[in-house]
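Here the structure comes first, spelled out in structure tokens, and everything after it is commentary.
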Amino acid sequence: MKVIFNLLLVMLFITACNAQQPISEVKSTQNQINTNSPKLVVGIVVDQMRYDYLTRFESKYGAGGFMRMINEGFNCKNNHFNYIPTYTGPGHASVYTGTTPKYHGIIGNNWYDKVIKEMVYCAQDDNVQSVGTSHDAGKMSPNRMKTTTFGDENRLFTQMQGKTIGISLKDRGAILPAGHTANAAYWFHGRDEGAWISSTFYMSELPKWVFNFNISDKAESYLKVWDTYYDISTYTESGSDDNTFEGGFKGKEKATFPYDLAKLKDGNRGFDILKATPYGNSLTTDFAIEAIKGEQLGQDDITDVLTVSFSATDYVGHNFGVSSKEIEDTYIRLDKDLERFFKFLDQNVGEGNYTVFLTADHGAVEVPSYLQSMKIPSGYLNNKETRTRFTDYLNARFKDSNFIENISNDQIFLNRKRIDSLGLNINQVQESMVNELINYPHVEKVFSAHTMTTSNFTTGIESLLQNGYNQKRSGDIILVADPAYISYGKTGSTHGSGLNYDTHVPLLFFGKGINHGETYDKTVIPDIAPTMSALLGISFPNAATGKPLGFIIE
């Protein structure tokens with residue numbers, strides 16, 4: 001008993017000593033914990049970047065951009081989107097929330113709202129006002145995204161002391177990654193202004209550093225001749241410059257180098273022409289550097305988050321296609337911008353004090369008309385013909401075709417009240433439509449909402465559809481086209497499917513806390529946010545379904 005009593009006295013003494021630990025020592029311990037985390041996390045999304053752009057253009061990259069991330073960091077070579085549709089809005093939301101449209105609710109760039117009976121935009125918010133422009137381009141916020149991002153969780157963890165800033169040429173590319181608690185999100189308004197803007201969701205007026213950037217004529221300096229960075233004859237990784245598979249710019253007969261942007265801008269929405277050139281990415285890099293300086297990001301031991309989306313790659317891909325000289329030059333120049341950006345981080349945040357990841361929001365299909373010339377199955381969907389045939393079927397089968405409210409994003413939305421008034425069963429109507437549509441040319445699969453909500457798919461396209469299906473927002477019928485068949489013009493590339501050309505995208509990590517290595521094990525986009533949360537020691541985003549990639553963390 002005496003031994004036990006003495007032991008209790010010793011334990012009480014130790015507890016008392018710990019309780020009387022000086023406040024300065026407690027703070028010192030807390031500071032030591034904080035310094036284990038990076039001072040700055042930079043999330044980079046390259047819009048429409050297929051994985052093979054890393055390997056196809058590797059010989060043209062320098063040592064300081066993409067290759068620095070690969071040589072110093074970790075390369076996940078088999079990284080995919082695990083849902084459909086692979087669009088910009090859902091992609092950016094999924095990267096930062098760690099989940100899929102099924103939960104975060106961003107089911108497209110635009111979608112049909114079944115409650116208000118009209119199309120809505122993923123970042124649209126009529127309850128806020130533009131800041132930095134009188135145009136409605138600033139009436140945006142993350143209000144339609146239902147879940148938190150890892151930036152939100154970092155803000156909550158640090159008692160709102162860690163900053164979050166989002167930057168992109170596209171509003172959705174800035175707003176959705178930054179989350180609901182962001183200090184700011186900035187996007188580029190072109191036309192006749194060429195300015196970075198925001199909304200009253202974040203602020204009442206632009207900070208002085210943004211105002212100064214906008215009046216510096218930096219955007220105007222990029223209205224110059226766009227020619228290839230290297231001799232065009234060395235661009236052997238892409239097709240011929242003069243071909244029939246590219247769009248080009250209004251006012252120029254052929255989509256061939258060089259492009260005099262100053263002369264072409266008036267016929268191509270003014271400053272918006274920059275978005276479809278590599279200079280849009282250069283302008284984004286300039287602005288991101290000024291944001292770090294202006295907001296003093298990464299200057300203390302409380303982790304800040306900067307999200308940067310390089311959108312010009314998407315505009316160039318849509319216009320010229322994935323095998324164009326223009327897309328090759330755009331990635332060569334983006335590599336130079338990344339090198340410039342990383343050097344700035346080394347000097348101003350400190351090498352070893354920041355962590356970066358880089359991925360994409362989707363990939364892209366080869367131009368189907370080009371694939372056809374190579375005898376690869378591909379083509380273009382005749383939506384007008386399909387709709388006429390489908391309307392005739394509805395009138396013959398149900399004596400009514402007016403219960404179709406909307407057709408968009410490969411989905412059909414039904415007027416359920418009208419179906420009830422006709423004495424029809426909604427599930428039977430859906431299945432009847434499935435059985436009809438599956439017979440149409442180049443329709444590979446058709447599923448009903450009933451199937452999506454009552455079945456559990458774990459593999460294949462069916463699983464990807466289910467991960468992208470939000471019960472309150474998605475349609476009654478979902479269609480899947482044959483591989484490489486698209487609803488698009490006959491020049492340029494697009495995206496949206498669950499096939500490898502759209503789902504397989506880069507995932508690179510480097511910087512503080514990151515192992516060096518590579519893997520061919522499959523990773524998925526929702527793994528990114530939990531991985532960054534684990535690195536920071538913070539809560540996962542509240543609806544995250546991905547898992548931390550522990551093998552990439554030191």
Side-chain angles (χ1 to χ4, degrees), residues 46-48 88 109-110 121 130 132-138 140 167-174 186-197 213-214 216-229 232 238-239 241-287 309-334 337 364 367 369 488-495:
V46 183
D47 205 321
Q48 203 189 113
T88 298
N109 294 334
N110 302 273
Y121 176 62
S130 300
T133 180
S134 58
H135 195 274
D136 284 347
M140 305 288 170
I167 294 169
S168 174
L169 293 176
K170 296 181 180 180
D171 47 43
R172 58 188 179 273
Y186 301 103
W187 52 98
F188 185 69
H189 179 54
R191 299 193 181 185
D192 60 345
E193 294 184 23
W196 292 87
I197 65 172
F213 188 93
N214 284 339
S216 70
D217 293 330
K218 192 67 177 179
E220 191 169 13
S221 72
Y222 287 115
L223 291 172
K224 56 185 180 180
V225 174
W226 173 24
D227 206 346
T228 53
Y229 190 86
I232 196 169
S238 47
D241 191 31
D242 188 0
N243 61 73
T244 60
F245 312 120
E246 302 176 10
F249 296 113
K250 293 179 181 179
K252 192 174 191 301
E253 184 179 353
K254 290 186 176 182
T256 55
F257 282 105
Y259 299 94
D260 189 332
L261 303 182
K263 290 183 178 179
L264 293 170
K265 73 177 181 67
D266 289 342
N268 294 273
R269 293 169 56 91
F271 283 101
D272 279 337
I273 196 173
L274 294 177
K275 297 178 181 179
T277 77
Y279 300 136
N281 290 333
S282 299
L283 183 63
T284 301
T285 305
D286 297 335
F287 191 75
S309 180
F310 289 105
S311 306
T313 43
D314 183 67
Y315 290 104
V316 175
H318 277 294
N319 193 355
F320 297 97
V322 304
S323 290
S324 63
K325 300 289 190 203
E326 286 80 1
I327 204 72
E328 179 169 359
D329 193 68
T330 296
Y331 276 89
I332 289 169
R333 291 176 180 273
L334 175 58
D337 283 322
V367 181
S369 56
Y488 202 67
K490 293 194 175 182
T491 58
S493 300
T494 193
H495 49 86

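Residue numbers count from 1 along this sequence.
A donor-acceptor pair under 3.5 Å links the side-chain atoms of Asn281 to the main chain of Ala312, judged by distance alone. Within the 3.5 Å criterion, the main-chain N or O of Lys490 finds a donor-acceptor partner in the side chain of Ser369. A donor-acceptor contact shorter than 3.5 Å links the side chain of Lys325 to the backbone of Gly239. No donor-acceptor distance shorter than 3.5 angstrom exists from the side chain of Lys170 to the backbone of Arg172, with no hydrogens or angles considered.
Put simply, the side chain of Thr277 reaches to within 4.5 Å of the side chain of Phe249, judged on heavy atoms. Between Phe310 and Leu169 the shortest side-chain heavy-atom distance does not fall below 4.5 Å. Ile332 is listed as a side-chain neighbour of Glu328, based on a closest heavy-atom distance under 4.5 Å. Annotation: side chain of Gln48 is in contact with side chain of His318 (closest heavy-atom distance under 4.5 Å). Contact of the Leu264 side chain with the Lys250 side chain is not registered, since no non-hydrogen atoms from C-beta on lie closer than 4.5 Å. For the pair Leu223/Tyr279, no side-chain contact is recorded, criterion being any heavy-atom separation below 4.5 Å from C-beta on.
Shortest non-hydrogen contact noted between Pro278 and Asp329 is CG-OD2, 4.2 Å.
When the shell of 6.0 Å around NZ of Lys263 is examined, it contains 12 or fewer heavy atoms from other residues, nucleotides or ligands. The 12-atom threshold is exceeded at NZ of Lys252, counting heavy atoms of other residues, nucleotides or ligands nearer than 6.0 Å.
No donor-acceptor contact under 3.5 angstrom links the side chains of Tyr222 and Asp217, judged on distance only. With 3.5 Å as the limit, one finds no donor-acceptor pair spanning the side chains of Asn109 and Thr88. Side-chain polar atoms of Ser311 and Ser168 form a donor-acceptor pair below 3.5 angstrom. If you check the side chains of Tyr315 and Asp47, you find no donor sitting under 3.5 Å from an acceptor.
Aromatic ring centres of Phe287 and Trp196: separated by under 6.0 Å.
Of the inter-residue distances, the one linking Asn243 atom CG with Thr491 atom OG1 reads 10.0 Å to the nearest 0.5 angstrom.
Phe257 pairs by the ring pair (Phe, Tyr, Trp, His ring centres under 6.0 Å) definition with Trp226, Tyr259, not counting sequence neighbours. With sequence neighbours left out, the salt bridge (charged side-chain N to carboxylate O under 4.0 Å, His left out) criterion links Arg191 to no other residue. Residues satisfying the ring pair (Phe, Tyr, Trp, His ring centres under 6.0 Å) criterion with His189, sequence neighbours excluded, are His135.
Judged by a 6.0 Å distance limit and a 45° cone about the ring axis, Lys275 is not positioned over the six-membered ring of Phe188.
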